[in-house]
Amino acid sequence: MKSWAVIVAAGRGARAGFDINKVYMPLGSMTVLEMCLRAFEASGLFQGITVVISEADRELYGAISVPDIVKNVTTGGTTRQESVYRGLAAVPEDVDVVAVHDAARPFVTREIIEETLVSAMKHGSGVISTPVTDTIKQLSADGRVMTLDRGTLYSVQTPQSFRRDLLLRAHEMAAAEGFSTTDDAALYERYYGDLRLVTAPGAENNIKLTHKRDFGRQTMDIRIGQGYDAHRLKEGRRLVLCGVEIPSPIGLDGHSDADVAIHALMDAMLGAAAMGDIGRLFPDSDDRYLGISSMKLLDEVSRRLAEAGYKVSNADITIIAQRPKLAPYMEKMRRVTANALGLGPERVNIKATTTERMGFEGAGEGISSHAVVTIKEVK
Ligand code: MG
């Protein structure tokens, strides 16, 4: 069996509101169309791909990196149906099964494609579909509302796979009688009746990028920062960690209250936002910060991040101390830190470790701390 894909990228995608056809917009490291072509190539299920583009997009298409499996490019018509028809005409005649797919669905997987192909080989057609989860109402012309039985309803996507000869003939017949519809499944149904729907795991993620917000949702632009700090232990000083005072005969020495864990956290936050470090923000030479609670400094760092459009998403702090035992205070430290960041406690983790008496922490000379945070854009 010889299989071929027709990827339709000829629409204008006007609803997305970009200056250019949305399939040429980047989604992470490549354009939507490239993602789609790569997914079809990576499936290993095809001998070739025909891409249908708009004449107006020739330059944009020329600028993307096209995998070798793309064998030809054709230009589309004024409707999607006409574009698919033109694409089909460019598919070699010895191809048995053809999968038609919208370039605006770049999250298609091998499993989804394969289900449709296998069905098309066996039964002539295979259209990926998902059970409808919303209750659907039908509004009649006279304003009456009817509730449809959700259990019988499916929403269909692409890929839609068919025996090539049958689909091509359906398009020829539709063109001859001037029948137009929204997808190939509807054409097949009209002329052959026996349309096969298939389902596959992950089909619910095979969404069509339609609006600008769909692009925002898909872009996983995660920023990570890490921070490190160490302070010397000194008699007569208070020991404050994560904003919590811990009873101890010795405490951390420093310009502020020397809350080493919050210092590491602030550096991680500033690091994630590419905004420098606390040494630059709150210099030791500035007496305003003498003995100040580090929680006040944390508020200031949060404020600066917010100003730049960021908010901490989660934080993980490690405190390295030989003594005192921190376990009894961990939950409180976690709550205080989460609260200061405006987060639920489930988004903050604090852990402590010793170094089995190795190094300066092990010798009880000082305490150090590491922090990792992720931040997200809140604009
Ligand atoms: Mg410090």
Side-chain angles (χ1 to χ4, degrees), residues 223-306 308 310 312 314-326 329-330 332-343 348-355 358-375:
R223 302 186 69 127
I224 299 175
Q226 73 92 30
Y228 169 78
D229 196 20
H231 281 256
R232 192 179 286 279
L233 281 162
K234 191 180 170 187
E235 275 181 38
R237 288 276 301 182
R238 295 187 309 140
L239 179 62
V240 181
L241 292 170
C242 292
V244 175
E245 183 158 353
I246 293 159
S248 166
I250 53 174
L252 292 173
D253 194 20
H255 192 66
S256 63
D257 65 359
D259 187 335
V260 68
I262 295 299
H263 292 187
L265 174 65
M266 290 189 285
D267 265 353
M269 290 164 66
L270 292 167
M275 289 169 64
D277 60 67
I278 52 171
R280 251 183 279 173
L281 223 56
F282 314 116
D284 280 1
S285 55
D286 192 330
D287 279 348
R288 274 183 301 166
Y289 307 123
L290 190 64
I292 195 171
S293 162
S294 295
M295 300 311 276
K296 285 219 172 78
L297 304 180
L298 178 60
D299 283 348
E300 174 62 14
V301 169
S302 291
R303 196 187 61 74
R304 294 208 183 197
L305 251 67
Y310 297 115
V312 171
N314 80 302
D316 183 21
I317 299 172
T318 302
I319 299 166
I320 301 133
Q322 195 63 44
R323 64 201 162 101
K325 276 245 169 294
L326 299 176
Y329 309 99
M330 297 296 265
K332 187 170 183 197
M333 287 155 64
R334 181 193 198 196
R335 262 188 293 115
V336 168
T337 306
N339 210 21
L341 293 171
L343 296 175
V348 174
N349 189 63
I350 295 167
K351 50 200 190 296
T353 183
T354 71
T355 59
M358 295 179 288
F360 68 86
E361 300 101 329
E365 285 170 39
I367 293 178
S368 67
S369 180
H370 295 265
V372 176
V373 304
T374 57
I375 61 172

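Note that the numbering runs from 1 along the sequence shown for the chain. Just so you know, ligand 1 is whichever comes first in the structure, and atom 1 is the first atom listed for that ligand.
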With the Mg ion (ligand 1) as the point of reference, which N/O/S atom of Asp229 is the closest?
-> OD2

Atom name in His263, limited to N/O/S, at shortest distance from the Mg ion (ligand 1) | ND1

Kindly assign one of parallel, tilted or perpendicular to the pair Tyr228 and His370, based on the angle between their ring planes and the thresholds 30° and 60°.
-> tilted

2.8 Å cut-off met by an N, O or S atom of His255 to the Mg ion (ligand 1) = no

Candidate pair Glu300 and Lys296, rule salt bridge (Lys or Arg N to Asp or Glu O under 4.0 Å), full reasoning | CA-CA 6 Å; Glu300 174 62 14; Lys296 285 219 172 78; over 6 Å; no

Is it true that Asp316 and Lys351 have a side-chain N and a carboxylate O under 4.0 angstrom from each other?
-> yes

If you measure from the Lys or Arg side-chain nitrogens to the Asp or Glu carboxylate oxygens, is any gap between Asp277 and Arg280 under 4.0 Å?
-> yes

